[in-house]
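First the structure, in the form of structure tokens, and then the observations on it.
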2 protein chains.
Amino acid sequence: MRRVLVVDDEPQMLRALGINLRARHYAVATAPDGATALRLAGHCPPDAIVLDLGLPDLDGVEVIAGLRVWCSAPIIVLSGRTGPAVTVEALDAGADDYLTKPFSMDELLARLRAVLRRPVPAAQPRETVEVAAFTVDLGSYTAVPTSGEGEPLHFTPTEWRLLAPLLRNPGRLVTGAQLLRDVWGPGRENRTNYLRIYMSALRRKLEPDPSRPRHLITEPGMGYRFDP
Amino acid sequence: MRRVLVVDDEPQMLRALGINLRARHYAVATAPDGATALRLAGHCPPDAIVLDLGLPDLDGVEVIAGLRVWCSAPIIVLSGRTGPAVTVEALDAGADDYLTKPFSMDELLARLRAVLRRPVPAAQPRETVEVAAFTVDLGSYTAVPTSGEGEPLHFTPTEWRLLAPLLRNPGRLVTGAQLLRDVWGPGRENRTNYLRIYMSALRRKLEPDPSRPRHLITEPGMGYRFDP
DNA sequence: GTGCTCCTTGACGGTGCCTTGACGCGGTTG
DNA sequence: CAACCGCGTCAAGGCACCGTCAAGGAGCAC
């Protein structure tokens with residue numbers, strides 16, 4: 001089942017899209033604003049994204065750019081604002097399609113089929129992030145020195161699970177409880193010692209000076225942040 | 001330079017599109033009708049196609065279907081006919097985008113950039129992989145010593161099925177569950193002992209030192225990886 | 001029927017990963 | 001100044017996972 005992330009600030013539009021998409025057997029996640037969208041996409045990578053431009057917190061182009069940092073899933077933009085300038089801006093920011101409200105639900109579904117039709121199996125969705133001297137690919141689970149020379153890094157499953165939500169939300173703070181839920185599942189939100197152990201291991205492998213981390217940054221009392 | 005095939009029955013539209021596209025450094029081929037379009041696309045495979053639906057000889061959907069038989073280049077449809085039904089029909093026939101006339105040239109160019117941004121479907125007819133001292137060909141199911149001298153290797157059907165997804169994704173981690181699905185079909189994701197047995201057999205045949213594998217690498221808790 | 005190859009299944013030992021507890025350090029608070 | 005809290009580090013134990021061997025059974029050629 002393909003996962004679709006729907007981002008819109010109007011609850012009724014969110015409901016309408018969710019119902020229609022679920023009826024077509026998509027797995028739907030919804031977000032009411034840009035920050036939630038970026039966070040959700042980081043924790044559960046979707047196969048496609050339907051994005052309304054008129055969000056309360058972030059500009060639409062910022063959301064697209066934030067997603068495109070690591071996410072290559074097709075983005076279909078919905079917008080009430082018309083005119084070629086906005087369309088061009090959104091498309092050049094990384095969107096794959098642009099629909100003007102009011103739109104036909106049938107047309108949206110057809111355009112969604114069109115972007116999802118693109119070859120998935122052979123295409124290797126790369127999710128490469130540069131961190132310190134290494135190029136980390138969350139898609140193929142590889143971490144090699146960016147220079148090309150040297151030994152690749154090896155991470156354990158838990159280390160990969162912890163690394164993923166951080167690297168997929170560059171510059172953003174990720175709550176300790178959120179990380180614990182992502183890695184160890186719900187019910188372990190208070191086992192912060194797990195986080196300390198594995199963050200230590202990640203820093204020892206990735207950071208040039210593990211005692212003074214520059215990329216995997218602790219926000220005391222809040223959580224952690226990946227600074228690219 | 002990317003090749004674009006423009007199909008439209010109005011000569012002035014053809015000229016306008018040709019001028020604008022050439023100004024953006026595209027190589028442009030033009031066709032006034034569907035038959036010419038199909039012929040041209042066959043002679044010189046384009047990277048993208050801009051297709052007007054109102055052609056004198058063939059219906060637009062027929063042209064799309066005719067192209068899609070062998071051509072996977074993105075198709076942007078232009079149409080004077082409006083309404084969601086036509087759009088849906090064209091998209092489901094295989095088009096990638098749909099613009100209603102009159103359209104903004106800037107928007108068309110942006111949409112063209114968007115569809116051309118997609119990674120080239122990397123047709124890789126080359127199915128031979130060098131692993132250790134052997135040259136393995138997944139197309140003909142042969143594995144001979146790279147030196148030319150010596151006995152060819154023999155793999156059982158199950159061993160070939162297990163080898164294929166690993167060798168087709170060099171450097172990439174392949175999940176144990178994915179391998180089990182590929183080889184034994186869905187529903188056997190927990191029979192990890194199968195994997196252990198056959199990975200052991202593959203290593204015994206391919207690796208110089210089966211006890212210390214260098215190409216068929218285990219990632220504990222995650223899966224296996226072919227390291228070339 | 002006989003012999004062969006191949007797939008399946010069970011059992012056993014070892015390695016590496018996860019968990020758990022404890023301790024030290026720095027910053028904040030009373 | 002002392003107590004406390006949050007964070008980073010280390011070491012040790014348990015256990016899931018992995019590699020290997022061996023035996024049983026199905027399918028096929030002769």
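A, B, ... follow the sequence lines: proteins, then strands. Residue 1 opens every chain. This is a predicted model, so every value here is computed, not measured.
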Report summary line: Rounded to whole Å, CD of B:Glu189 lies from P of D:dC17 at a distance of 15 Å
Query - B:Ala177: side-chain contact (heavy atoms from CB on, under 4.5 Å) partners, not counting sequence neighbours - result: B:Thr175, B:Arg181, B:Glu189
Requested in this report: For B:Ile217 and D:dG19, give me the distance from atom CD1 to atom P, rounded to whole Å.
Outcome: 12 Å
Query raised in the report: B:His154 has a side chain; which of C:dC7, C:dC6, D:dG8 sits nearest to it?
Result: C:dC6
Provide a list of protein-nucleic acid N or O atom pairs under 3.5 angstrom, restricted to nucleotides 21-25 of chain D.
none

Query raised in the report: B:Trp184 and B:Tyr198: aromatic ring centres closer than 6.0 Å?
Result: yes
Requested in this report: Could you state the atom-to-atom distance from CZ of B:Arg188 to C1' of C:dT8 in whole Å?
Outcome: 10 Å
**Report entry** A:Met222 CE to C:dG27 C1', straight-line distance once rounded to whole Å
**Finding:** 18 Å
Query raised in the report: Between B:Glu159 and B:Arg204, is there a side-chain N and carboxylate O pair less than 4.0 Å apart?
Result: no
**Report entry** Comparing B:Tyr194 and A:Trp184 on DNA chain C - which has the more 5′ nearest nucleotide
**Finding:** B:Tyr194
Query raised in the report: D:dC5 P sits how many Å from A:Leu195 CG, rounded?
Result: 20 Å
Requested in this report: Kindly point out which of C:dT8, D:dT9, D:dC18 is positioned nearest to the side chain of A:Arg196?
Outcome: D:dT9
Query - Contact check, side chains of A:Tyr26 and A:Met1, non-hydrogen atoms, under 4.5 Å - result: no
Query raised in the report: How far apart are the closest heavy atoms of A:Phe134 and A:Thr146, and which atoms are they?
Result: C-OG1, 3.2 Å
Query - Touch class at under 4.0 angstrom, heavy-atom based, for A:Phe155 against every strand present - result: nothing
Query - Among D:dG19, C:dT20, D:dG8, the nucleotide that comes nearest once only the side chain of A:Arg191 is considered - result: C:dT20
Requested in this report: Would you kindly say whether B:Thr156 and B:Thr158 are connected by a side-chain donor-acceptor distance under 3.5 Å?
Outcome: no
**Report entry** Closest nucleotide among C:dC18, C:dT9, D:dC7 to the A:Thr156 side chain
**Finding:** C:dC18
Requested in this report: Under 4.0 Å between any heavy atoms, over every strand shown, what does A:Thr218 touch: base, sugar-phosphate, or nothing? Just pick one.
Outcome: sugar-phosphate
Query raised in the report: Roughly, in whole Å, what's the span from CZ in B:Arg212 to C1' in C:dG16?
Result: 17 Å
Query - First encountered from the 5' end of DNA chain C, between B:Pro220 and B:Glu159 - result: B:Glu159
Requested in this report: In whole angstrom, give the distance that lies between atom CZ of A:Arg203 and atom C1' of D:dG8.
Outcome: 8 Å
**Report entry** Under 3.5 Å side-chain donor-acceptor pair for B:Thr135 and B:Thr128
**Finding:** no
